[in-house]
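Chain identifiers are assigned alphabetically (A, B, ...) following the order of the sequence lines, protein sequences preceding nucleic acid strands; residue numbering begins at 1 within each chain.
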Amino acid sequence: MGSKLLLDKVHIENIRSYDVYRREGGYRSVEKAIRSMNPVAVMEEVKKSGLRGRGGAGFPTGMKWSFLAKPEGVPRYLVCNADESEPGTFKDRYLMEFIPHLLIEGLIVSSYAIGSNRTYIYIRGEFKWIIDILEQAITEAKNNGWLGKNILGSGFDCEIYVHSGAGAYICGEETALLESLEGKRGNPRIKPPFPAVRGLWDCPTVVNNVETIAAVVPIINDGGDNYAKIGTGKSTGTKLISSCGNIKKPGVYEIEMSISVEEFIYSDEYCGGIANGRRLKACIPGGSSVPILPANLLLKTAKGDSRMMTYESLADGGFQSGSMMGSGGFIVLDEDQCVVRHTYTLARFYRHESCGQCSPCREGTGWMEKILLNIENGKGKMSDIDLLWDIQRKIEGNTICPLGDAAAWPVAAAIRHFRDEFEWHITNPDDAQRRNYGLANYAEPLKVVAV
Amino acid sequence: MAEEIKKEAPANFKPDSYRVTIDNITIEVPPGTTILNAARQIGGDVTPPAMCYYSKLQGSGGKCRTCLVEVAAGSNADPRPMPKLVASCRTNVMDGMVVKNITSEKVLEARAAVVEFLLINHPLDCPICDQAGECHLQDLGYDHGKEGTRYEFRRRTFEKEDIGPYIQLHMTRCILCYRCTYVADQLTDRRVHGILDRGDQAEISTYISKAIDNDFSGNMIDVCPVGALTDRTFRFKNRVWFTRPIDAHRDCDKCCGKVTLWNRGDEVLRVTVRKDPWGEVQSYDGKPGWICNTCRFDKKHINDWVIEGPTRINRHSVISQGHYLGFKKPQETISEVMGGRHPKLMMDIHSISDVNIVDISQLPGPATSNTFEKDLNGVNIGMGTNTGEKD
């Protein structure tokens, strides 16, 4: 049983309310930070902890905070990115819904470290009921003196506002989020300048994921060094993984980043194995936009080592034979799933969510979707596979924001690892309408090249 | 003086010009210049094409991705290459930056890809499009496009929409460069123009087809790089290469009044702003010479205007066809054909025709008989001496 830092108290009845949360030791980190630490010390503690951004890119949070420009007389903002819309990722929703005060507490400490007097939670519009929960929590915190003017007599003011999105996946990209927060159309901005220099209303801004902000609470409570002891290497601390798909126990799990993927899927403590006695075919380990991996590459890296649930190990082998930790949306596919159909579904999602600002993403995502639909419907040609490969290669890296990459990677990985399934769809169009390709050789152990 | 400053300069001294190398050509530009603008100072093939960037519209650029370049070295201080191709229109130069444009295979491939993406849903209806001949997408496709298409699906179409009495929006042709929305934002008083929907269904529109009606709305026709926004007073009247562009001006209390008239004979078919070599509106004293709708749509009589002279049209443009420009004497082949004999011709047309020796579009004013004057040796002396003022 690994240690839990974020979800350890989530089972307590009424933890959602302020009284219970406070009784269970809530808001200790605010007291500790504001009473006995200065903002620089808080930032140093987060740096020591080695906390990495939990939104997908895995950028070290302490470093991100220290990049923040600090011109005189200009306000700084902290924005919490709660626009969790990646297919397969639902960890922030769980956190906000069941233990909202943890986020509020983390936000107060982080705002103190950054010097943000006005802090925003940008939440996706579909989380309508969570907005109410958060606003309730903010009101409670404010009534008890944790928010507002002169918090704990320190002279530090902080207000938290909840802003609802309007249903666009692209607004989870930090600059599009800021545009949307300013009341404009949610188009990503061209970087540089980065938000740390010119963000919300042209002021220095830090945008952090919900889980990242929440993780600041145990870091301040227990100290950054203790946090850094959990996990392996540069993947410190615990990570929320939202696992779904063909597993016995889908849900949100908090793991220490030191267990193996195999343990995570098959142990009863976590996913509990593949449902209905099927076998594992493939898995997307970090939310829909990271590359899909076949079973053999998922459990073992190309070098033959056991693959661990860490940022480094999941990315081992690059995109040739690895994937990414991403946002922690763990989607498991069993042998009855069709990778072509699955890839088409993702392509359709990215076509629908492309903002239409830059040409490669706007036109390329639609094109890929149409080709994949053709293949799925048995109308594909062999040349379509190479065409798909070419289109994704020309989208990736040539767009303003990472949505282009996110649309290209699933297609690239599916073709890279499941090309024979695509070919089978094309050569057996009638069969492909009636049955699935099955497990094939995707679970067979890889031949490790002897060095 | 400069050396004195350098001696006293603190550690974070910033020079007043940056040296940047683009395709092995080094140029010094002031800090804050974008790579694209630095390349424009060099000119020629080194300049990346730009479909969405418009130097006179704040915030434009970065969207079309045709101006992607490779940065082989970031700066003197940090000579690492940038990992991705960058949009040259929105990336500022650094001292010692090394940029690869046409010398980079990656850039040419990415640019060809962008052109392909821009064209898969474009109707390619150039034969019936009013923009043909002055369309940036045509030029881009000519330079970087492929012969065929790999796109086998229905192209995206939209209904044509009249926005106001003067402008027609043909969204099917649009490449979503956002330039017209910036015009609506920055030139006109009330914004009624923006993007609806998203992704490949995104469209430029006025809210519920509300008519655009203000004095500078016509400029969005000029900034449109393709034929999506066209002048309803000119639609289907003529092909641009059959018209004759003339610089003219009038006193206008709303705008600078400096325009290009596109004439057929004495008939003014359309009025546009004057454009610089990059297809953008010319600036006068640092201010862009936008024109008002009165000048553009209402003053369609030649007597409304003071004619200044023919407009300079780039030799590479189809509009320059039929204009006397870049004349080259044909090679005399007849003696070769006749085995080395030199026949006595009745008349050598090229020695008689004096008109062809003068590059009329290079003249600052209208051509007069003085322009074609020759000295005793037959060398033209009139060229360039004409100041445009009548004797």
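- Heavy-atom distances place no part of Thr365(A) under 4.5 Å from chain B, backbone and side chain included.
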Worked verdict on Arg185(A) versus Arg198(B) for side-chain contact (heavy atoms from CB on, under 4.5 Å):
CA-CA 10 Å; Arg185(A) 184 187 158 86; Arg198(B) 67 177 179 224; 4.1 Å; yes
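- When the shell of 6.0 Å around NZ of Lys146(B) is examined, it contains more than 12 heavy atoms from other residues, nucleotides or ligands.
- Both the backbone and the side chain of Leu176(B) come within contact range of chain A, with heavy atoms under 4.5 Å apart.
- Looking at Arg393(A), the atoms closer than 4.5 Å to chain B (heavy atoms on both sides) all sit in the side chain, from C-beta outward.
- Of the possible polar contacts, none joining the Ser359(A) side chain to the Leu118(B) backbone as a donor-acceptor pair under 3.5 Å is found.
- Within a 6.0 Å radius of OH in Tyr142(B), other residues, nucleotides and ligands contribute 12 heavy atoms or fewer.
- Side-chain contact between Phe117(B) and Arg362(A) is absent, with no heavy-atom pair separated by less than 4.5 Å.
- A distance of 7.5 Å separates CD1 in Ile195(B) from CG in Asn187(A), rounded to the nearest 0.5 Å.
- Here the side chains of Arg154(B) and Lys370(A) are not in contact, with every heavy-atom distance at 4.5 Å or above.
- The number of heavy atoms from other shown groups lying within 6.0 Å of NE2 (His163(A)) is above 12.
- Shown here is Lys128(A), whose NZ atom has no more than 12 heavy atoms of other residues, nucleotides or ligands within 6.0 Å.
- Residue contact with chain A, scored on non-hydrogen atoms closer than 4.5 Å, involves the backbone and the side chain of Tyr151(B) alike.
- Residue contact with chain B, scored on non-hydrogen atoms closer than 4.5 Å, involves the backbone and the side chain of Ile371(A) alike.
- Atom SG of residue Cys52(B) and atom CD of residue Gln357(A) lie 9.0 Å apart, to the nearest 0.5 angstrom.
- A salt bridge links Glu363(A) and Arg156(B); the closest N-O separation between the charged side-chain nitrogens and carboxylate oxygens is under 4.0 Å.
- Between Arg150(B) and Asp384(A) no salt bridge is recorded (no basic side-chain N to carboxylate O distance below 4.0 Å).
- Only the backbone of Asp197(B) comes within contact range of chain A, with at least one heavy atom under 4.5 Å from a heavy atom of that chain.
- In terms of heavy-atom proximity, Lys84(B) sits nearest to Gly397(A) at CD-O, 3.7 Å.
- Side-chain contact check for Trp367(A) versus Asp200(B): every heavy-atom pair is 4.5 Å or farther apart.
- The contact between Lys381(A) and chain B is made entirely by side chain atoms (from C-beta outward), counting heavy-atom distances below 4.5 Å.
- Other residues, nucleotides and ligands contribute over 12 non-hydrogen atoms within 6.0 Å of the CZ atom of Arg416(A).
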With side-chain contact (heavy atoms from CB on, under 4.5 Å) as the test, would you mind laying out the steps for Lys63(B) and Thr399(A) before giving the verdict?
CA-CA 8 Å; Lys63(B) 294 178 172 59; Thr399(A) 52; over 6 Å; no
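- Residue Gln201(B): no heavy atom, backbone or side chain, is found under 4.5 Å from chain A.
- Note on Arg65(B), Glu116(B), Arg90(B), Glu109(B): by heavy-atom pairs under 4.5 Å with chain A, the leading option is Arg65(B).
- For Asp45(B), the CG atom counts as loosely surrounded, since its 6.0 Å shell holds 12 or fewer non-hydrogen atoms of other residues, nucleotides or ligands.
- Residues Asn398(A) and Ala110(B) approach most closely at ND2-CB, 3.7 Å, considering heavy atoms.
- At least one side-chain heavy atom of Val114(B) sits under 4.5 Å from a side-chain heavy atom of Pro360(A).
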